[in-house]
Amino acid sequence: MDALAPSAQTGRPHEIVWPSRQTLPLVFASPHSGSDYPPEFLASSCLDPISLRQSEDSFVNEIFSCAPEMGAPLIHALFPRAFVDPNREPYELDPAIFKEKLPPYANTRSPRVAAGLGTIARVVASGANIYRDKLSLAEGLDRIRSCYWPYHEALRMLVQQTKEQFGWCILVDCHSMPSASKLGHGRGATNRTAFVLGDCHGSSCAAAVTDTVERILHRKGYQVARNSPYAGGFVTRHYGKPETGVHSLQIEINRQIYMDETRMERRPALRALAQDMRDVVAALGDLQQGRLRPNGR
């Protein structure tokens with residue numbers, strides 16, 4: 001099978017999987033599991049298909065596919081992270097990859113841009129350069145217009161509707177991490193760490209949210225770290241406002257658990273991992289609003 005395994009190039013930037021009826025004050029999001037690679041993007045890249053896919057959070061939407069069955073919507077991007085990254089500010093842009101001068105509203109000095117991983121990435125997760133030649137600014141801005149903004153408009157709608165229905169909302173931003181990542185350098189995190197929970201050091205959600213997920217995962221035998229080396233990206237910081245009743249938690253899963261990272265293929269263990277996530281969804285759904293005091297335990 002083709003390494004990119006492209007779907008039918010639907011032209012849609014994202015998909016929302018709705019429950020038959022929303023019964024939980026939860027929203028699940030997978031911004032990096034998309035694998036619809038536009039032909040013109042592939043033609044502009046100097047990387048082979050497998051190398052391009054190293055930036056994907058492959059199959060994460062499948063791991064959390066239980067959420068709609070249990071009463072919570074799931075949104076996942078269909079475009080790949082290497083094309084445009086919705087877990088960044090809208091205009092974290094790298095001057096090194098564009099032909100023209102960037103507009104004054106672009107954030108060109110963020111740590112993400114410096115690492116080559118801005119809204120339009122210069123490199124994939126391995127550090128390899130993506131492009132043969134520089135991009136036009138119009139191309140970059142069009143990606144943001146056609147992919148980034150529709151994803152966030154849909155995510156914002158899901159959060160707002162959930163809060164209106166229940167009075168509060170927990171947004172779970174779902175990711176995966178390479179097994180050969182920075183884990184060994186973070187306090188409390190090792191390469192054996194299965195999950196990293198990021199709550200922006202307690203500012204993006206009530207402690208009860210993080211505590212609940214950590215307890216369930218520990219009960220299932222997983223090694224869990226908090227906020228190191230992943231404390232939460234743009235989505236977690238931007239949407240997580242506990243004082244307004246919106247809580248956001250980032251979950252990172254070690255890819256070694258469920259996939260062959262070299263061949264970009266599912267392992268049989270993915271099914272068991274997805275089953276374990278049912279208990280995470282159920283436990284979050286059982287939380288009572290009174291327990292979700294900002295910065296309280």
Side-chain angles (χ1 to χ4, degrees), residues 1-16 29-62 75-103 105-108 110 112-155 175-176 178 233-235 259 261-265:
M1 186 171 68
D2 190 292
L4 289 178
S7 57
Q9 293 297 332
T10 61
R12 294 178 297 141
H14 59 265
E15 179 182 34
I16 300 174
S30 179
H32 292 160
S33 55
S35 59
D36 284 359
Y37 286 79
E40 61 274 16
F41 172 63
L42 297 177
S44 71
S45 176
C46 55
L47 297 178
D48 62 86
I50 288 291
S51 297
L52 267 180
R53 294 196 66 190
Q54 297 304 310
S55 291
E56 283 181 29
D57 289 346
S58 300
F59 318 123
V60 164
N61 58 308
E62 298 178 25
I75 179 174
H76 62 101
L78 298 177
F79 55 89
R81 179 187 187 183
F83 186 67
V84 61
D85 190 342
N87 199 28
R88 295 290 182 263
E89 297 173 21
Y91 299 105
E92 286 187 79
L93 300 178
D94 187 342
I97 64 173
F98 291 101
K99 298 174 183 176
E100 300 95 346
K101 183 178 179 180
L102 295 178
Y105 55 78
N107 179 354
T108 62
S110 77
R112 279 77 56 188
V113 169
L117 296 169
T119 315
I120 307 293
R122 172 170 45 85
V123 300
V124 290
S126 66
N129 286 318
I130 294 174
Y131 298 101
R132 301 179 190 277
D133 303 302
K134 291 190 175 185
L135 300 175
S136 70
L137 178 58
E139 162 67 15
L141 295 179
D142 184 65
R143 294 185 195 180
I144 294 169
R145 178 195 59 78
S146 61
C147 295
Y148 182 100
W149 285 120
Y151 179 86
H152 278 281
E153 288 165 6
L155 180 56
H175 296 261
S176 68
F234 173 77
V235 168
M259 66 177 284
E261 296 175 86
T262 301
R263 300 177 66 183
M264 305 299 290
E265 295 177 353

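The structure presented is a predicted model; accordingly, all values stated were derived computationally and were not measured. Note: hydrogens, waters and symmetry copies are ignored here, and every other heavy atom, side chains too, is used.
Of the possible donor and acceptor atoms, one in the side chain of S146 sits under 3.5 Å from a partner among the backbone N and O of D142. A distance-only check finds a donor-acceptor pair linking the side chain of R132 to the backbone of S45 [under 3.5 Å]. Here the side chain of R88 pairs a donor or acceptor atom with the backbone of L117 at under 3.5 angstrom. Looking only at distances, a side-chain donor or acceptor of T119 sits under 3.5 Å from a matching main-chain atom of E92.
D57 and S176 share a side-chain donor-acceptor pair at under 3.5 Å. For S110 and N107, the side-chain atoms include no donor-acceptor pair closer than 3.5 Å.
Put simply, OG on S126 and CG on L52 are 9.5 Å apart, with the number rounded to the nearest 0.5 Å. Note that CG of D133 is 12.5 Å distant from CD1 of I97, once rounded to the nearest 0.5 Å. Note that CG of D48 and CD of Q54 are 8.5 Å apart. Values are rounded to the nearest 0.5 Å. Distance check: C46 SG to N129 CG gives 6.5 Å after rounding to the nearest 0.5 Å. Here the OG atom belonging to S33 is positioned 8.5 Å from the CD atom belonging to E62, to the nearest 0.5 angstrom. The distance from the CZ atom of F83 to the CD1 atom of I130 is 11.0 Å, given to the nearest 0.5 Å.
Side-chain contact between P178 and E261 is present, with at least one heavy-atom pair separated by less than 4.5 Å. Contact of the L141 side chain with the R145 side chain is not registered, since no non-hydrogen atoms from C-beta on lie closer than 4.5 Å. Considering only heavy atoms from C-beta on, V84 stays 4.5 Å or farther from Y151 through its side chain. F234 places a side-chain heavy atom less than 4.5 Å from the side chain of N87. Contact check for L155 versus V235: side-chain heavy atoms found under the 4.5 Å cut-off. Looking only at side-chain heavy atoms (C-beta outward), R143 and I120 come within less than 4.5 Å of each other. Contact annotation: the side chain of E15 never approaches that of I75 to less than 4.5 Å [non-hydrogen atoms, C-beta and beyond]. In this structure, the side chains of Y91 and L102 stay at 4.5 Å or more apart for every pair of heavy atoms.
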**OP:** Please test I50 against M264 for side-chain contact (heavy atoms from CB on, under 4.5 Å), starting from the C-alpha separation and ending with a verdict.
**Re:** CA-CA 7 Å; I50 288 291; M264 305 299 290; 3.8 Å; yes

Subject >> From CA spacing to verdict: side-chain contact (heavy atoms from CB on, under 4.5 Å), V124, L47 >> reply: CA-CA 9 Å; V124 290; L47 297 178; 3.8 Å; yes

**OP:** Would you check, one step at a time, whether the test side-chain contact (heavy atoms from CB on, under 4.5 Å) holds for M259 with F59?
**Re:** CA-CA 9 Å; M259 66 177 284; F59 318 123; 4.2 Å; yes

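Considering all non-hydrogen atoms of both residues, K134 and F98 come closest at CD-O, 3.6 Å. Counting all heavy atoms, side chain and backbone alike, S55 lies closest to A125 at OG-N, 3.0 Å. The minimum heavy-atom distance between D85 and R81, with the atom names listed, is OD2-NE, 3.1 Å. Considering every non-hydrogen atom in both H14 and A154, the closest pair reads NE2-CB, 3.4 Å. Nearest approach of F79 to P86, heavy atoms of both residues: CE1-CD, 3.7 Å. Between E89 and R112 the shortest heavy-atom distance is OE2-NH2, 3.9 Å.
Using bins of under 30°, 30° to 60° and over 60° for the plane-to-plane angle, the ring pair H152/Y148 lands in the tilted bin.
For H76, the ring-ring contact (aromatic ring centres under 6.0 Å, His included) test picks out no residue, with sequence neighbours left out.
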